[in-house]
Novice: 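Please find one structure pasted underneath; my questions will follow.
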Amino acid sequence: MLTNATMNISWTERMTKFSSNSGGNMTSPQWQDIEDKLALVLINGGTVTLDVEHEDGCQSSLQVRAEGGNFVVMLGKETNDGWKVRAYENLTVRNTEISILGDVWNGRIVCQSIDFVIAAYREFFETGDVSECILSG
């Protein structure tokens, strides 16, 4: 787990026939808390955001938006030049449009691998960052 930083998780889960829209937030989550929220959202749809305030006061945030087996994963980092956003990118996918939670996304930044999403969150939980080979700049 990342040390010398403050971490918070927030989530929203889409309504299913068995539940209504729900969500929440938690300070200082453990990995199991994050895994549990990801499991719900990646299957049912919704968002999971993990926010970190680093020891130097800089912020970073990892978010997944999920619906119907499609995932948009974005990392925002505070830098000296402002806020920098990196996202998953698959250049082999045709330039299509995919709707996720009411927003339209370029198909090249839409991921369909639950394992990829979980690995990105695990790396962020442990280091406060996700390598650029996973989320490009």
Side-chain angles (χ1 to χ4, degrees):
M1 180 181 163
L2 184 64
T3 58
N4 299 323
T6 304
M7 186 174 290
N8 298 299
I9 186 172
S10 59
W11 67 94
T12 62
E13 183 185 357
R14 285 197 55 206
M15 182 175 64
T16 67
K17 61 177 150 179
F18 302 110
S19 68
S20 60
N21 285 346
S22 64
N25 58 63
M26 177 187 306
T27 302
S28 303
Q30 299 300 305
W31 173 245
Q32 188 63 53
D33 300 318
I34 297 165
E35 237 180 356
D36 291 347
K37 300 313 176 209
L38 285 171
L40 287 172
V41 165
L42 296 178
I43 300 302
N44 297 328
T47 64
V48 175
T49 305
L50 202 53
D51 295 308
V52 172
E53 182 173 340
H54 299 273
E55 188 175 26
D56 63 3
C58 289
Q59 307 272 330
S60 56
S61 179
L62 182 65
Q63 183 180 70
V64 63
R65 300 177 65 77
E67 182 177 24
N70 294 311
F71 317 115
V72 172
V73 182
M74 295 176 290
L75 172 72
K77 287 186 72 168
E78 187 177 6
T79 68
N80 292 336
D81 300 326
W83 194 253
K84 181 178 180 183
V85 177
R86 300 191 336 240
Y88 168 84
E89 188 173 26
N90 183 349
L91 297 177
T92 65
V93 172
R94 282 193 357 220
N95 195 10
T96 60
E97 293 183 342
I98 298 174
S99 177
I100 300 174
L101 303 177
D103 294 319
V104 177
W105 301 90
N106 184 312
R108 290 184 173 181
I109 67 166
V110 176
C111 171
Q112 296 176 324
S113 169
I114 289 174
D115 291 338
F116 174 88
V117 175
I118 291 171
Y121 270 79
R122 182 70 182 207
E123 184 174 341
F124 188 76
F125 175 74
E126 292 175 352
T127 68
D129 199 0
V130 179
S131 65
E132 289 194 27
C133 65
I134 294 175
L135 297 179
S136 57

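Each residue takes its place number in the sequence, starting with 1.
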Novice: Distance check, rounded to the nearest 0.5 Å: I98 atom CD1 versus Q112 atom CD?
Specialist: 6.0 Å

Novice: Where the side chain of Y88 meets the backbone of F71, is there a donor-acceptor pair that is under 3.5 Å apart?
Specialist: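 No, Y88 side chain to F71 backbone: no donor-acceptor pair under 3.5 Å.
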
Novice: Test side chain to side chain contact (heavy atoms under 4.5 Å, CB included) on Y121 and V64 and set out the steps.
Specialist: CA-CA 9 Å; Y121 270 79; V64 63; 3.5 Å; yes

Novice: Grab the two heavy atoms, one from V48 and one from K37, that are nearest each other, plus how far apart they are.
Specialist: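 Closest approach of V48 to K37: CG2-O, 3.9 Å.
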
Novice: When rounded to the nearest 0.5 angstrom, what distance separates CD in Q59 from CH2 in W83?
Specialist: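 The CH2 atom of W83 is 6.0 Å from CD of Q59, to the nearest 0.5 Å.
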
Novice: When you look at CD of E55, are more than 12 heavy atoms from neighbouring residues, nucleotides or ligands closer to it than 6.0 Å?
Specialist: no

Novice: Do L40 and I34 sit in the same hydrophobic cluster, where Ile, Leu, Val, Met, Phe, Trp and Tyr count as joined when their side-chain heavy atoms come under 4.5 Å apart?
Specialist: no

Novice: Going from CG on L75 to CD on Q63, what distance comes out if it is rounded to the nearest 0.5 angstrom?
Specialist: 11.0 Å

Novice: If you look at every heavy atom in T47 and R65, which pair is closest and at what distance?
Specialist: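 Closest heavy-atom pair between T47 and R65: CG2-NH1, 3.7 Å.
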
Novice: Working to the nearest 0.5 angstrom, can you tell me the gap between I100 CD1 and N70 CG?
Specialist: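 One gets 5.0 Å once the value is rounded to the nearest 0.5 Å.
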
Novice: Closer than 3.5 angstrom, by distance alone: can the side chain of E123 be matched with the main-chain N or O of S131 as a donor-acceptor pair?
Specialist: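 Looks like yes, one N/O pair under 3.5 Å.
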
Novice: Is there a side-chain contact between I109 and V93, using heavy atoms and a 4.5 Å cut-off?
Specialist: no

Novice: Identify the heavy atoms of A66 and V41 that sit nearest to each other, and give their distance.
Specialist: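 Closest pair (atom of A66, atom of V41, distance): CB-O, 3.7 Å.
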
Novice: Can I134 and F116 be said to form a side chain to side chain contact (heavy atoms under 4.5 Å, CB included), step by step?
Specialist: CA-CA 9 Å; I134 294 175; F116 174 88; 3.4 Å; yes

Novice: Checking side chain to side chain donor-acceptor pair (under 3.5 Å) between N8 and each of D51, T27, T49, which is the one that passes?
Specialist: T27

Novice: D36 side chain to D33 main-chain N or O, any donor-acceptor pair under 3.5 Å?
Specialist: no

Novice: Nearest 0.5 Å, please: how far is CZ in F125 from CD in E35?
Specialist: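 Here the interatomic distance stands at 10.0 Å.
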
Novice: Determine the minimum heavy-atom distance between W105 and M74, stating which atoms define it.
Specialist: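 The pair with the smallest heavy-atom distance is CH2-CE, 3.9 Å.
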
Novice: Write down the atom of S60, the atom of G128, and the distance for their closest heavy-atom approach.
Specialist: OG-O, 3.5 Å

Novice: Hydrogens and angles aside, do N106 and E97 bring a side-chain donor and acceptor to less than 3.5 Å of each other?
Specialist: no

Novice: Is any side-chain heavy atom of I9 closer than 4.5 Å to a side-chain heavy atom of M7?
Specialist: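 No, their side chains stay 4.5 Å or more apart.
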
Novice: Any sub-3.5 Å donor-acceptor pair from E13's side-chain atoms to G46's backbone N or O?
Specialist: no

Novice: Can I114 and L38 be said to form a side chain to side chain contact (heavy atoms under 4.5 Å, CB included), step by step?
Specialist: CA-CA 9 Å; I114 289 174; L38 285 171; over 6 Å; no

Novice: Using the rule given for side chain to side chain contact (heavy atoms under 4.5 Å, CB included), can you reason through V72 versus D103, listing the C-alpha separation, both sets of side-chain angles and the distance that settles it, and then say yes or no?
Specialist: CA-CA 11 Å; V72 172; D103 294 319; over 6 Å; no

Novice: Please check: side-chain N/O of T12 versus main-chain N/O of G23, any donor-acceptor pairing under 3.5 Å?
Specialist: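 It does not hold such a pair.
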
Novice: If you round to the nearest 0.5 Å, how far is CE of M26 from OG of S10?
Specialist: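 Nearest 0.5 Å value for the OG-CE distance: 11.0 Å.
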
